[in-house]
Amino acid sequence: MSTDVGLLRADAVIVGGGLAGLWAALHLPAEWEVIVVDKGRGPDHGSSPWAQGGMAVAAGPDDSPSLHAADTFRAGADTCHEDAVQALVDEAREALDELVLLGCAFDRADDGSFDLNREGGQSVARSVHAADATGREIMRVVVAEARKRAQRIVGSASRILLDDGRCAGVRVSTDHGEVDVLGRSTLLAVGGCGALYEQTTNPETATGDGIALAYDAGADVADCEFVQFHPTALGAGGTRRVLLTEALRGDGAIVVDASGKRFLLDVHPDGELAPRDVVARAIAEAGEAFLDARPIGAAQLRTRFPNVTKAAADAGFDLTASPVPIAPAAHYFLGGVATDIWGRTTIPGLFAAGECAATGVHGANRMAGNSLTEAVVFGRRAAMTMTDEAEPTGVPVVEDDSEPAVRAIGADDWAKVRHAMSSGAGLIRTKHSLEQALRALAGVSGSSSVKAAATAGALICRSALERIESRGVHFRSDHPDRQRGWDGRHVTLGEKENR
Ligand SMILES: Cc1cc2nc3c(=O)[nH]c(=O)nc-3n(C[C@H](O)[C@H](O)[C@H](O)COP(=O)(O)OP(=O)(O)OC[C@H]3O[C@@H](n4cnc5c(N)ncnc54)[C@H](O)[C@@H]3O)c2cc1C
């Protein structure tokens, strides 16, 4: 170990204190020492507390796990892993019951059944929710439970530590210096990558660190070309955009052009509730588009969507009174660190779960509500495997002069990365735009301390270049059609660069 680096040991190291990481912590053996490392400060780090519309579970009388699976496959455009989807739909209800038992207060109908939102890609209403602040309610309960179980360290994991090819923990940059946090098993649960783009619904912590850390250590990453853009973010503001939940459209809000004409039914028979990629591209192509939530009614808007109504009002828009401008924004990372259905990555002792993992559940497009479900189902699965496969670890050796995978990044460099990604690897890409983005990222990377963001961005661009077709959220205007030869195939980058 290099000098001046502190050392902590635990049974399990969990990197990322969002829903996937903390749910895993709650499912590790009670006698284990668990350390959660998280770079977020304040109450709202990570996407989990921001989730609005709900968690997908086949809880309605007209629903079933097989219908949930069918909708997930349909959205995923022939790219979902069947065994992963099966695990998701089979275990969703049990996870929901566990959350309720812990105290999550989801909205109920008069007869006591769950009140369900219908969102994009769902053939029946399937999103269990708590008004329009589902993530906040879930995290209220999960964070309180996790506090009893795990020690939290504020810091950014900057590299994965290997001991003879096995993951031994992570190096963490904290305000008090560097610490090697060693564990018998390590979970990456660091969330998505929306903050690599100029407009995003994600918090600033969502910088793609999962793929950067894992790839740097030699693990495979998969499906990185699949970045989902949410069609209805508020079309005003800076990098961070207010999300106008899909459930608004499920409740009757419509999308209109500058002349007030509804146009999504001309594009897809499901209109406002067509898959997100279809809606997002149609809105981007319209140039100017607006969400008209008035059909829901002012009283209903204030009761069912109080947080969204307030967030829009804080930004100067009244959802109850007039259509508000909308624009697509980077929202969800479908790809990530390649895992099997038990959370194992290609590095022994290293696991991944939640948005940073590529389990194959979402394929090329995510059905709304499935990411909260994925975080709990696969967070628990990872915890079970971590328990079974834990091994004692030595103290790994890190060369003093070797570069960490993740380093702090200045505002100017961030602007360059975000510009490169938005103009080159956004909602609509081409070979030319992706190559330009790669060149820009290489320039930024060489200039200073932007290694992780540049690595993550480059993995997204390289994967998007590999997939010479359009499918789901990946749209290449130079290859606008889906190619049957790509059905079921995945772009995997890693040590062997296999696919
Ligand atoms: C506005 C919004 C609304 C959404 N609505 C819904 C919805 O209604 N339904 C649904 O299913 N999904 C929704 N999603 C998606 C869903 O919230 C996320 O996919 C899910 O919560 C991800 O959970 P996670 O635990 O994987 O990651 P996160 O909750 O993002 O947690 C990751 C944590 O890792 C930490 N971290 C990152 N890098 C490092 C590092 N290098 N070192 C240490 N810590 C690190 C971060 O600080 C963060 O706390 C929404 C997302 C957003 C942004």
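These figures come from a predicted structure and were not determined experimentally. When a ligand or atom number is given, it counts from 1 through the structure's own listing order.
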Under a heavy-atom criterion of less than 4.0 Å, does [X] contact ligand 1?
X: Ala56; value: no
X: Leu243; value: yes
X: Gln52; value: yes
X: Glu374; value: no
X: Arg366; value: yes
X: Gly54; value: yes
X: Ser156; value: yes

I'd like to know if Asp180 and Arg171 make a salt bridge, using a cut-off of under 4.0 Å between side-chain N and carboxylate O.
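Yes, this pair counts.
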Atom indices of ligand 1, in the order listed, that fall short of 4.0 Å to a heavy atom of Trp50
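Checking each atom against Trp50, I get 1 (C), 2 (C), 3 (C).
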Selection from [options] by shortest heavy-atom distance to [atom]:
atom: atom 12 (N) of ligand 1; options: Ala375, Ala247, Ser371, Gly17; value: Ser371
atom: atom 46 (C) of ligand 1; options: Asp38, Thr207, Val36; value: Asp38
atom: atom 28 (P) of ligand 1; options: Ala352, Ser47, Gly369, Ala368; value: Ser47

Pairs of nitrogen or oxygen atoms closer than 3.5 Å, one from Gly21 and one from ligand 1: do any exist?
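Checking ligand 1 against Gly21, no N or O pair falls under 3.5 Å apart.
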Would you say Asn365's side chain and Val473's backbone share a donor-acceptor pair under 3.5 angstrom?
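Pair absent, no side-chain N/O of Asn365 close to backbone of Val473.
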Please say whether the positively charged group of Arg108, taken as NZ for Lys or CZ for Arg, lies over the ring of Phe114, i.e. under 6.0 angstrom from the six-membered ring centre and within 45 degrees of the axis.
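Flagged: Arg108 positioned over aromatic ring of Phe114.
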What do we get for Val15 next to ligand 1 when only non-hydrogen atoms under 4.0 Å count, side chain, backbone, both or neither?
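Near ligand 1, Val15 shows its side chain, while the N, CA, C and O stay back.
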